[in-house]
Amino acid sequence: MGFLTGKTAIITGAGRVVLSDGRCGSIGYGIATAYAKEGANLVITGRNLKKLEDAKEELERLYGIKVLIFQADVNAGADNEEIVKNVVKKTIETFGRIDVLINNAQASASGVSLKDHTTEQFNLALYSGLYATFYYMKACYPYLKETKGSVINFASGAGLFGNFGQSAYAAAKEGIRGLTRVAATEWASDGINVNIICPLARTAQLEQFQNANPEAYKANVHTPPAGHFGDAEKEIGRVCVQLASPDFKYMTGETLTLEGGLGQRP
């Protein structure tokens with residue numbers, strides 16, 4: 001029996017993506033795998049239905065859990081609050097509870113300078129990241145209050161350090177970071193554990209960039225002091241498992257960063 005057996009976690013942006021060596025190739029799928037290994041039933045969302053279906057098949061087959069999938073894209077042209085409410089409604093109808101909410105989904109136009117950013121590109125980052133996090137937190141709140149659950153949001157060094165070409169992405173992530181701190185203050189008395197992670201992981205997207213642009217990768221991507229990028233499942237996913245533990249209640253409201261050197265706390 002795993003640590004999270006009988007619990008339910010919603011993870012946004014968790015379609016199946018793998019690296020060339022077969023390891024989890026996205027943060028969302030790495031978290032989903034870590035949670036599945038601990039026995040949690042999962043609700044995973046994303047834009048790509050095929051990736052969600054592949055994730056469901058593999059996680060259910062390997063770990064004997066139940067996975068509910070939703071092709072749910074929060075964007076400027078959608079009725080986003082209703083989309084999110086439907087995900088939460090179906091989750092409760094299927095599992096009867098929500099123990100963990102993990103807001104991982106984020107899209108953006110990287111590499112575009114601030115002066116060249118369009119309103120559409122800015123909205124892409126804000127809606128897929130900041131607004132999605134806001135809507136999911138609001139919709140899940142009453143159920144997390146019942147279970148004394150956990151919220152785990154994701155920010156980035158792009159906002160902490162001002163990465164070139166990531167203005168909209170950085171703005172969305174800093175908004176999420178501020179929202180998280182407020183929720184930690186307001187929801188602590190409800191027994192809800194709220195934290196945020198700033199990760200730096202080896203992903204399929206980073207791997208593809210390295211293969212396609214080796215010189216640009218060498219010039220712009222720097223290995224963390226730990227000597228390696230975080231493993232999406234074993235380092236990022238396992239941190240998310242730990243943050244769902246009652247033993248971590250004292251950490252409510254803190255920011256855990258894996259950007260500068262895996263595992264450092266600012």
Side-chain angles (χ1 to χ4, degrees), residues 1-18 22-46 51-70 72 84 87-105 136-137 139-154 187-188 190-197 199 201 230-252 256 258 263:
M1 182 176 292
F3 170 72
L4 297 172
T5 298
K7 295 190 175 185
T8 302
I10 296 177
I11 307 171
T12 68
R16 184 180 184 273
V17 182
V18 296
R23 289 182 297 149
C24 293
S26 73
I27 290 172
Y29 192 61
I31 298 167
T33 301
Y35 269 62
K37 286 183 175 180
E38 292 294 341
N41 291 316
L42 302 176
V43 178
I44 59 174
T45 75
K51 290 179 180 179
L52 292 170
E53 292 172 339
D54 289 347
K56 174 181 172 67
E57 188 282 326
E58 181 165 282
L59 295 172
E60 289 186 337
R61 172 172 49 83
L62 293 179
Y63 308 113
I65 61 162
K66 183 173 177 60
V67 179
L68 192 62
I69 64 174
F70 290 94
V84 172
V87 172
V88 173
K89 177 176 178 288
K90 296 295 185 183
T91 298
I92 295 300
E93 289 176 354
T94 303
F95 298 116
R97 61 187 294 147
I98 299 171
D99 298 274
V100 186
L101 168 64
I102 300 175
N103 287 300
N104 163 73
Y136 273 103
M137 289 176 72
C140 289
Y141 167 74
Y143 306 105
L144 293 168
K145 184 177 179 180
E146 286 180 4
T147 60
K148 307 299 181 186
S150 299
V151 177
I152 303 167
N153 294 333
F154 277 79
W187 295 357
D190 296 316
I192 301 174
N193 191 30
V194 184
N195 284 279
I196 193 158
I197 297 173
D231 182 286
E233 177 205 339
K234 296 179 180 177
E235 289 170 307
I236 314 301
R238 293 305 303 179
V239 167
C240 290
V241 169
Q242 288 179 313
L243 291 177
S245 166
D247 294 337
F248 278 74
K249 290 292 182 182
Y250 72 92
M251 288 168 49
T252 299
L256 178 63
L258 302 181

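- Contact record, Pro199 with Ile236: CB-CD1, 3.9 Å, taken as the closest heavy-atom pair.
- In terms of heavy atoms, Asn41 sits closest to Lys66 at OD1-N, 2.9 Å.
- In this structure the side chain of Tyr143 never reaches within 4.5 angstrom of the side chain of Thr8, judged on heavy atoms.
- At distances below 3.5 Å, at least one donor-acceptor pair connects side-chain atoms of Glu235 with backbone N or O atoms of Asp231.
- Not a single donor-acceptor pair under 3.5 Å links the side chain of Glu146 to the backbone N or O of Arg97.
- Heavy-atom minimum distance, Tyr35 versus Cys240: OH-O, 2.7 Å.
- Between atom SG of residue Cys140 and atom CG of residue Asp99 there is a gap of 11.0 Å, rounded to the nearest 0.5 Å.
- Taken from OG1 in Thr45 to CD1 in Ile10, the straight-line distance is 8.5 Å, to the nearest 0.5 Å.
- Phe154 pairs in a side chain to side chain contact (heavy atoms under 4.5 Å, CB included) with only one of the listed residues (Asn103, Ile27, Ile196), which is Ile27.
- Inter-residue side-chain proximity for Lys37 and Val241 is flagged as unmet; no heavy-atom pair is nearer than 4.5 Å.
- A 6.0 Å sphere centred on NZ of Lys56 holds more than 12 heavy atoms belonging to other residues, nucleotides or ligands.
- Note that the CG atom of Leu68 and the OG1 atom of Thr91 stand 5.5 Å from one another [nearest 0.5 Å].
- A side-chain donor-acceptor contact under 3.5 Å links Asn104 to the backbone of Gly13.
- Leu52 approaches Ile69 most closely through the heavy-atom pair O-CG2, 3.7 Å.
- Contact detail for Ala232 and Ser26: the closest heavy-atom pair is CB-O, 3.4 Å.
- Taking 4.5 Å as the limit, every side-chain heavy atom of Lys7 sits out of range of all side-chain heavy atoms of Val100.
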With side-chain contact (heavy atoms from CB on, under 4.5 Å) as the test, would you mind laying out the steps for Trp187 and Val151 before giving the verdict? CA-CA 10 Å; Trp187 295 357; Val151 177; 4.1 Å; yes

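- One distance of note links CD1 of Ile11 with CD1 of Ile31; it measures 6.0 Å at 0.5 Å rounding.
- Residues Thr147 and Ile98 have side chains not in contact (no heavy-atom distance under 4.5 Å, counting atoms from C-beta outward).
- Rounding to the nearest 0.5 Å places CG of Leu59 at 6.5 Å from CD1 of Ile44.
- Of all heavy-atom pairs between Tyr29 and Gly15, the closest is CB-O, 3.4 Å.
- Interatomic distance, Glu38 CD to Tyr63 OH, rounded to the nearest 0.5 Å: 11.0 Å.
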